Amino acid sequence: MWQDYRVFPDRVELRSWILLRTLVIPAEDIVDVEVESPGPFNSEHWYAVKIDWADLFSHVEIHRKSGLLKHIKFTPDNPAYFVAACKSIMKSS
């Protein structure tokens with residue numbers, strides 16, 4: 001869907017045509033990141049911003065400390081790998 005999700009040593013970048021921009025999340029702003037199963041009401045954060053087909057597929061949810069969008073859900077190619085990469089930069093920050 002022309003989305004691009006990347007993990008860098010100090011940040012996560014979520015490029016989305018739906019948001020019409022690249023959302024940059026500094027590693028120190030990430031509270032939690034986890035893989036969730038499909039479904040619109042499968043977690044306590046059902047109101048989270050979904051920037052792609054997160055309700056239909058296994059997806060990642062990032063919980064941030066600050067910002068307007070505190071809970072963001074999206075579907076990278078390999079959600080488990082993406083979460084592992086995010087957790088590795090959380091420890092180093």
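These numbers come from a predicted model, not from an experiment.
- When the side-chain hydrogen bond (donor to acceptor under 3.5 Å, both in side chains) test is applied to Glu13, the partners found at least two apart in sequence or on another chain are Arg11.
- For Asp10, the side-chain contact (heavy atoms from CB on, under 4.5 Å) test picks out Phe8, with sequence neighbours left out.
- Minimum interatomic distance between Pro38 and Ser58 (heavy atoms only, all atoms of both residues): CG-N, 3.8 Å.
- Two residues are said to be in side-chain contact when any heavy atoms from C-beta on lie closer than 4.5 Å; Ile72 and Leu23 meet this criterion.
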Derivation and outcome, side-chain contact (heavy atoms from CB on, under 4.5 Å), residues Met90 and Val33: CA-CA 10 Å; Met90 288 170 60; Val33 59; 3.9 Å; yes

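- Side-chain contact check for Val49 versus Ile51: some heavy-atom pair is nearer than 4.5 Å.
- Distance CG/Asp32 to CD1/Ile62: 10.0 Å, rounded to 0.5 Å.
- Using a 4.5 Å heavy-atom threshold, the side chains of Lys73 and Val60 count as separate.
- Each side chain to side chain donor-acceptor pair (under 3.5 Å) pair with one or both residues in residues 74-86, not counting sequence neighbours, appears once here: Asp52-Thr75.
- Separating the CD1 atom in Ile25 from the CG atom in Leu14 is a distance of 4.5 Å, to the nearest 0.5 Å.
- A distance of 14.0 Å separates NZ in Lys50 from CZ in Phe74, rounded to the nearest 0.5 Å.
- Across every non-hydrogen atom of Ala85 and Val7, the tightest pair is O-CG1, 3.8 Å.
- Distance check: Phe57 CZ to Glu36 CD gives 16.0 Å after rounding to the nearest 0.5 Å.
- Looking at heavy atoms from C-beta onward, Val12 lies out of side-chain contact with Arg6 at the 4.5 angstrom threshold.
- The side-chain heavy atoms of His71 and Glu61, taken from C-beta on, include a pair separated by under 4.5 Å.
- With sequence neighbours excluded, the residues that form a side-chain contact (heavy atoms from CB on, under 4.5 Å) with Lys65 are Asp29, Val31.
- Each of Pro79, Cys86, Pro76 was evaluated against Tyr5; a single residue qualifies, Pro76, per the side chain to side chain contact (heavy atoms under 4.5 Å, CB included) test.
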